[in-house]
Trainee: 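Mind having a look at this structure? Questions to follow.
Just so you know, these numbers come straight off a predicted model, no measurement behind them. In what follows, every chain begins at residue 1, and chains take the letters A, B, ... in the order their sequences are listed.
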There are 2 protein chains.
Amino acid sequence: MDERKRRVLQAIILDYIATADPVGSRTIAKKYNLGVSPATVRNEMADLEEMGLIEQPHTSAGRIPSQSGYRYYVDCLMEKEPVRNETREMIRGALLNRMRETEALIQMSGKLLSQLTSYTTLVLAPSMGQNTLRHIQFLPVEREKAVMVIVLDNGHVEHRLIEAPEGLNEEDFHSISQLLNQHIRGLSLENWRASVMQTIYRDLDYHRDLLGKFIAQVENSLLVGQDQKVYLGGALNILNQPEFKDIDKVKTLMELLEEESLMKEVLSPTDEDGVTVRIGTENMYEGLKDCSLITATYRFDGKIIGTLGVLGPTRMEYSKAISVLDFLTKALSEGLNKL
Amino acid sequence: MDERKRRVLQAIILDYIATADPVGSRTIAKKYNLGVSPATVRNEMADLEEMGLIEQPHTSAGRIPSQSGYRYYVDCLMEKEPVRNETREMIRGALLNRMRETEALIQMSGKLLSQLTSYTTLVLAPSMGQNTLRHIQFLPVEREKAVMVIVLDNGHVEHRLIEAPEGLNEEDFHSISQLLNQHIRGLSLENWRASVMQTIYRDLDYHRDLLGKFIAQVENSLLVGQDQKVYLGGALNILNQPEFKDIDKVKTLMELLEEESLMKEVLSPTDEDGVTVRIGTENMYEGLKDCSLITATYRFDGKIIGTLGVLGPTRMEYSKAISVLDFLTKALSEGLNKL
DNA sequence: TTTAGCACTCAAAAGAGGCGAGTGCTAACA
DNA sequence: TGTTAGCACTCGCCTCTTTTGAGTGCTAAA
């Protein structure tokens with residue numbers, strides 16, 4: 001693989017990314033002034049095709065990059081594209097605006113990412129399960145209903161409605177809250193065990209029958225809804241890609257993207273640090289075989305807690321997407337830790 | 001407009017709705033056994049076309065209903081389709097499952113509607129503004145942060161993060177909560193006035209400087225986010241309609257549907273009771289000129305508080321959509337009032 | 001008033017050429 | 001030995017034409 005071959009391959013990939021048309025030898029020789037004739041380029045192309053890096057849609061067409069071609073490009077050829085200053089400013093500004101709530105900050109990142117890259121984005125939001133409870137409190141709402149407010153260590157607040165037996169007054173709620181706080185504070189939603197509940201239950205020996213059902217509900221409520229959420233952004237951007245001019249393809253892909261459990265799997269963090277690129281069939285799902293997914297993880301307190309992803313056709317602007325994604329995940333991590 | 005003409009028109013519309021193909025005289029004479037020959041049907045069709053109820057895409061094609069044709073069908077011809085028992089059961093069952101929270105109940109309705117009709121649905125959720133405050137409470141979260149929990153009369157619960165000055169202890173929060181409750185309880189979010197805040201501010205004369213900023217934030221927080229939300233459901237169903245096989249049309253429509261403020265306007269309740277049908281250009285937006293929108297309002301406590309809508313191509317199954325929508329809005333209203 | 005018959009229309013499908021972008025191969029050249 | 005000009009060849013795509021067939025409107029007879 002000599003230098004000229006690399007330059008030819010790079011030219012083919014760049015041109016195809018930009019135009020979505022198969023690239024011919026003439027175009028390359030002229031536009032990417034390599035200083036050689038089309039015939040020479042053709043010879044190089046024949047070699048590249050033999051190596052499996054490019055292919056011909058049909059005999060008399062130009063070449064397009066193969067999946068391995070893209071892979072080689074991403075691994076060896078691609079030049080890092082610096083993130084433009086305005087882009088940096090925009091990201092910082094937008095994130096600063098959402099510095100109140102974790103969830104809002106993360107959602108905003110997804111939105112920004114789809115705006116800046118013009119691709120579809122996927123966001124895996126952190127699961128609440130790993131966070132520890134800081135505070136739990138009950139408020140009576142109406143007859144037989146109370147709201148449980150949970151405050152986690154990372155500042156996330158959630159409330160859940162639960163049924164409460166009649167006959168509890170405000171004072172009762174207050175004391176139950178306090179008791180629960182004593183036992184539960186500092187435990188994570190994940191590791192929190194039912195045995196704790198039993199201790200609490202024992203301590204609340206007065207009104208035991210009255211509270212049984214209530215405590216059971218609290219227990220339940222704490223277990224529910226811990227799973228990670230997936231946010232989809234800029235889904236309509238798919239429609240701009242010429243490879244998705246076919247309605248059926250769009251539909252298949254969209255349906256796949258809306259399957260939250262699958263997307264959760266697709267976005268689950270890899271061991272490698274930084275930005276991961278999965279091209280075509282490197283994605284484990286058949287439905288993504290014409291797409292590339294670029295992901296990066298973000299962190300809170302040093303630990304990986306979620307993933308941002310950019311999804312486009314295999315013919316996507318890798319360098320731009322990667323640089324924006326890289327910058328954004330770092331900005332997000334920073335934001336989260338400042339919060 | 002004699003009986004036979006009506007039957008011909010009905011046949012054309014039903015057939016076109018089912019097949020999306022222009023309908024010829026032969027088809028009608030055969031399939032909808034009118035007991036006359038195609039030639040006779042042709043004569044009737046010529047009359048119907050003169051009346052503007054049907055039209056020909058081109059000379060040698062069959063007829064398709066015009067916008068006025070659909071209008072006549074919906075107003076005069078359409079037979080009411082009873083909602084199937086399984087459908088009723090499904091709706092009741094699904095709604096019963098969400099009988100805890102208003103918001104969940106309403107969102108579920110939209111989801112059900114898109115599943116049952118196979119069209120796209122729009123839901124206008126009630127604004128919080130009209131509900132009165134039942135309870136308001138502050139909980140300290142961390143240094144300089146508190147969460148405000150608001151309970152409205154309809155059972156809706158919301159929490160908002162606000163900044164709190166340092167130096168307030170749990171006891172302070174408790175007493176502020178109590179004071180606010182005394183003044184605010186029973187006022188609606190809409191009618192609630194700043195003057196009330198000032199009274200409160202005066203009463204809290206101790207720590208006045210400390211609390212100023214805090215109270216201002218509460219005030220702000222109560223004003224924010226009162227507007228009605230629009231939920232979109234089954235957006236992908238659009239892709240099944242042959243009239244949307246063109247990507248650009250899909251994109252234009254989807255972009256329109258995602259404009260929340262426009263959709264809010266489109267869904268704003270009309271004076272008429274029950275189900276409203278807007279066909280083609282009867283919708284005020286250019287982008288909806290090939291669509292029909294069927295809406296119905298739902299109520300809480302006798303008052304209209306929101307809208308459900310079914311959006312399809314003008315060639316849509318009006319009778320089915322209308323009956324399902326009608327049943328569902330009633331079930332939703334019932335559910336909300338039981339809640 | 002209804003209907004059979006028939007000429008007519010026109011979109012869509014099928015076929016036929018021509019174009020041109022692009023290739024691979026060969027032979028000459030540096 | 002690598003590079004290039006030349007040339008025959010391939011094949012998708014565009015355009016033009018033809019064919020097909022579903023459907024019509026009109027007329028005249030029942």
Side-chain angles (χ1 to χ4, degrees), chain A residues 1-9 11-16 18-66 69 242-243 245-246 315, chain B residues 1-9 11-16 18-66 69 242-243 245-246 315:
Chain A
M1 188 75 164
D2 61 12
E3 179 57 22
R4 196 170 63 189
K5 272 195 185 48
R6 302 172 128 218
R7 289 191 61 191
V8 170
L9 178 56
I12 291 173
I13 292 180
L14 289 181
D15 206 78
Y16 186 64
T19 66
D21 279 327
V23 193
S25 53
R26 237 181 86 87
T27 315
I28 291 179
K30 261 195 170 169
K31 206 157 139 196
Y32 296 83
N33 42 330
L34 302 189
V36 292
S37 76
T40 312
V41 173
R42 279 206 286 284
N43 287 332
E44 299 288 27
M45 283 165 110
D47 290 348
L48 287 170
E49 182 157 9
E50 213 163 87
M51 295 158 91
L53 297 172
I54 58 179
E55 48 198 27
Q56 264 181 306
H58 54 85
T59 329
S60 72
R63 303 305 213 290
I64 61 174
S66 71
E243 24 273 278
K245 66 178 198 300
D246 177 25
R315 181 193 62 79
Chain B
M1 189 74 164
D2 61 13
E3 179 58 21
R4 197 170 62 190
K5 272 197 185 48
R6 303 171 126 219
R7 290 191 59 193
V8 170
L9 178 56
I12 291 172
I13 292 179
L14 289 181
D15 205 79
Y16 186 64
T19 65
D21 279 327
V23 193
S25 53
R26 234 180 90 86
T27 316
I28 291 180
K30 260 195 172 168
K31 207 157 139 195
Y32 295 84
N33 42 331
L34 301 189
V36 292
S37 76
T40 312
V41 173
R42 279 205 287 283
N43 288 331
E44 299 288 27
M45 282 166 109
D47 290 348
L48 286 169
E49 181 157 9
E50 214 163 86
M51 296 159 90
L53 296 172
I54 58 179
E55 48 198 27
Q56 266 182 303
H58 54 87
T59 328
S60 72
R63 303 305 214 288
I64 62 174
S66 71
E243 23 276 276
K245 65 179 198 300
D246 178 25
R315 181 192 65 78

Trainee: Show which side-chain atoms of residues 24-36 of chain B pair as donor or acceptor with protein atoms under 3.5 Å away, not counting sequence neighbours.
Mentor:
unit_1: B/S25; atom_1: OG; unit_2: B/R42; atom_2: NH1; d: 3.2
unit_1: B/K31; atom_1: NZ; unit_2: B/D15; atom_2: OD1; d: 2.7
unit_1: B/Y32; atom_1: OH; unit_2: B/D15; atom_2: OD1; d: 2.8

Trainee: Nucleotide range of DNA chain C contacted by chain A, 5' to 3', under 4.0 Å to a heavy atom?
Mentor: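 So the contact region on DNA chain C extends C/dA21 to C/dG24.
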
Trainee: Sequence neighbours excluded, which residues qualify as side chain to side chain contact (heavy atoms under 4.5 Å, CB included) partners of B/A46?
Mentor: none

Trainee: Could you list the residues that satisfy side chain to side chain contact (heavy atoms under 4.5 Å, CB included) with B/D21, not counting sequence neighbours?
Mentor: B/T19

Trainee: How many whole angstroms separate atom NZ of A/K5 from atom P of D/dG2?
Mentor: 10 Å

Trainee: Counting only non-hydrogen atoms, which of residues 29-46 of chain B are less than 4.0 Å from DNA chain D?
Mentor: B/R42, B/M45

Trainee: Output a table of nitrogen or oxygen pairs between the protein and nucleotides 27-30 of chain D separated by less than 3.5 Å.
Mentor:
none

Trainee: How close do A/P57 and A/P22 get, heavy atom to heavy atom, and via which atoms?
Mentor: CG-CG, 4.0 Å

Trainee: For B/I54 and B/M45, work out which heavy atoms get closest and say how close.
Mentor: CD1-O, 3.6 Å

Trainee: Who are the side chain to side chain donor-acceptor pair (under 3.5 Å) partners of A/D47, not counting sequence neighbours?
Mentor: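 Checked A/D47 against side chain to side chain donor-acceptor pair (under 3.5 Å); matches are A/K5.
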
Trainee: Can you see which heavy atom on A/I13 is nearest to which on A/P65, and at what distance?
Mentor: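 Scanning both residues completely, I find the closest heavy atoms to be CG1-CG, 3.7 Å.
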
Trainee: If you round to the nearest 0.5 Å, how far is CG of A/L48 from CD1 of A/I12?
Mentor: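 Between atom CD1 of A/I12 and atom CG of A/L48 there are 6.0 Å.
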
Trainee: Side chains of B/M51 and B/L9: closer than 4.5 Å at any heavy-atom pair?
Mentor: no

Trainee: For DNA chain D, determine which residues of residues 56-64 of chain A have any heavy atom closer than 4.0 angstrom to one of its atoms, and list them numerically.
Mentor: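 The stretch gives A/H58, A/T59, A/S60 as the residues lying under 4.0 Å from the strand, ordered by number.
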
Trainee: According to side chain to side chain donor-acceptor pair (under 3.5 Å), does anything in residues 53-63 of chain B pair up with another residue at least two apart or in another chain? List the pairs.
Mentor: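 Applying side chain to side chain donor-acceptor pair (under 3.5 Å) to every pair that reaches into residues 53-63 of chain B, excluding sequence neighbours, yields B/E49-B/R63.
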
Trainee: Side chain to side chain contact (heavy atoms under 4.5 Å, CB included) with A/E3: which residues, sequence neighbours excluded?
Mentor: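 Checked A/E3 against side chain to side chain contact (heavy atoms under 4.5 Å, CB included); matches are A/R6, A/R7.
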
Trainee: State which residues pass side chain to side chain contact (heavy atoms under 4.5 Å, CB included) with A/A20; sequence neighbours excluded, sorted by chain then number.
Mentor: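 A/P242, A/R315.
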
Trainee: Whole angstroms only, please: what is the CG-P distance between A/D2 and D/dG2?
Mentor: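 It is 10 Å, rounded to the nearest whole Å.
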
